[in-house]
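Values below: every heavy atom of this structure, side chains too, minus hydrogens, waters and symmetry copies. In listed order, ligands and their atoms are each counted from 1.
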Amino acid sequence: MEKQPHIQLDSSLKIKKAIIVGDPKRVSSVLEFLDHAKEITFNREYRSAFGTYQGARILVVSTGIGAPSATIGIEELISIGVEEIIRVGSCGAMQSDFKLGEIMVVSGVVRDDGTTKNYVPESFPAIPDSELLCAACTQHDIAVHIGIGRSHDSFYNDNNADIEAFWSNHHVLGADMESGALYVLGQLRGIKTLSILNNVVLYQDALNEGVNQLVSGDDLVIQGEKKSIQLALNILTRRENK
Ligand SMILES: O=P(O)(O)O[C@H]1O[C@H](CO)[C@@H](O)[C@H]1O
Ligand SMILES: O=c1cc[nH]c(=O)[nH]1
């Protein structure tokens, strides 16, 4: 099989479980948890590597920022035979009791992105795989919030505060840019998906400050990233699938 044009991987890898992250640097953070870690390739925003966790082979791929590059990466992963994808991402809080470095398991997504509208009307739900969601709920050693996310396309909207207030009043817990695309593709293509997000911005705090904390290695958000990676690996290697 030819290599996929963007991720530059092919089906000879024979790996069915993947973690996707936005930031290519986060691939290294995931590799710290894996045995026999090996970098594969880095094309555009798609940095890939694999390793094993408790004997299971895990692929790790970055997808960059936003639904367009995420859907390209996810489609190409499906084409090479990946059947389970967990996103380990960052988000901004949409509720004041969602603190920095706390983890959100996304139970459904408000589809405020443009990409998935090209696939299916907005009335189609963006929901995770129920088995992966249930597996997340039984990982009692890692505390999580479970709630609705909002995936958007515009980080620096002039009316962001109003938009966020609206969705906050509708009990949305956190915002990112790719979970909706992952869930829509998961349902349309018949693969298992889940999104786990580390909160890097307190509700109504400055977006850029929060994201800077992640980049500069603020302790709380780095601990949150580690927890989200551990949770994803626990779910991918849950007993039923070993
Ligand atoms: O940290 P990642 O996984 O990239 O996720 C979040 O961070 C980026 C914005 O800073 C967007 O991609 C958003 O979804
Ligand atoms: O507030 C935030 C923080 C990270 N990513 C987002 O999409 N929004």
Closest non-hydrogen contact found for N199 with C91 is OD1-O, 3.3 Å

re atom 8 (N) of ligand 2, the protein heavy-atom contact at minimum distance is A175 O, 3.5 Å

So with a 6.0 Å cut-off around CG of D158, is the heavy-atom count from everything else above 12? no

* Let me see the working for E122 and R111 under salt bridge (charged side-chain N to carboxylate O under 4.0 Å, His left out), right down to the final yes or no. => CA-CA 7 Å; E122 279 170 278; R111 292 173 49 200; over 6 Å; no

d(F166 CZ, N159 CG) to nearest 0.5 Å is 12.5 Å

One finds that the ligand 1 atoms under 4.0 Å from a non-hydrogen atom of R26 are 1 (O), 2 (P), 3 (O)

Min over E178, E45, R87, K25 of heavy-atom distance to atom 3 (O) of ligand 1 lands on R87

With respect to F155, determine whether any N or O atom, backbone or side chain, lies less than 3.5 Å from an N or O atom of ligand 1.
no

Quick note, side-chain hydrogen bond (donor to acceptor under 3.5 Å, both in side chains) partners involving residues 22-35, not counting sequence neighbours, are R26-E225, S28-R47, S29-E225

Numbered in order shown, the ligand 2 atoms found under 4.0 Å of a heavy atom of H152 are 6 (C), 7 (O), 8 (N)

Considering both backbone and side-chain atoms of G22, is one of its nitrogen or oxygen atoms within less than 3.5 Å of a nitrogen or oxygen in ligand 1? yes

Side chain to side chain contact (heavy atoms under 4.5 Å, CB included) with S151: of V106, V110, V184, V109, only one passes, and it is V109

Here the pair of heavy atoms bringing Q4 nearest to S79 is NE2-CB, 3.5 Å

for atom 3 (C) of ligand 2, nearest protein heavy atom and its distance come out as G92 N, 3.3 Å

In ligand 2, the atoms that come under 4.0 Å of a heavy atom of M177 are 7 (O)

- Task: Check for a donor-acceptor pair, side chain of N43 on one end and backbone N or O of H6 on the other, with a separation under 3.5 Å.
- Result: yes

Within 4.0 Å of some non-hydrogen atom of D176, the atoms of ligand 1 are 14 (O)

In this structure, atom 6 (C) of ligand 1 is nearest to the protein heavy atom S90 OG, 3.2 Å

Atom 1 (O) of ligand 2 sits nearest the protein heavy atom L207 CD2, 2.7 Å

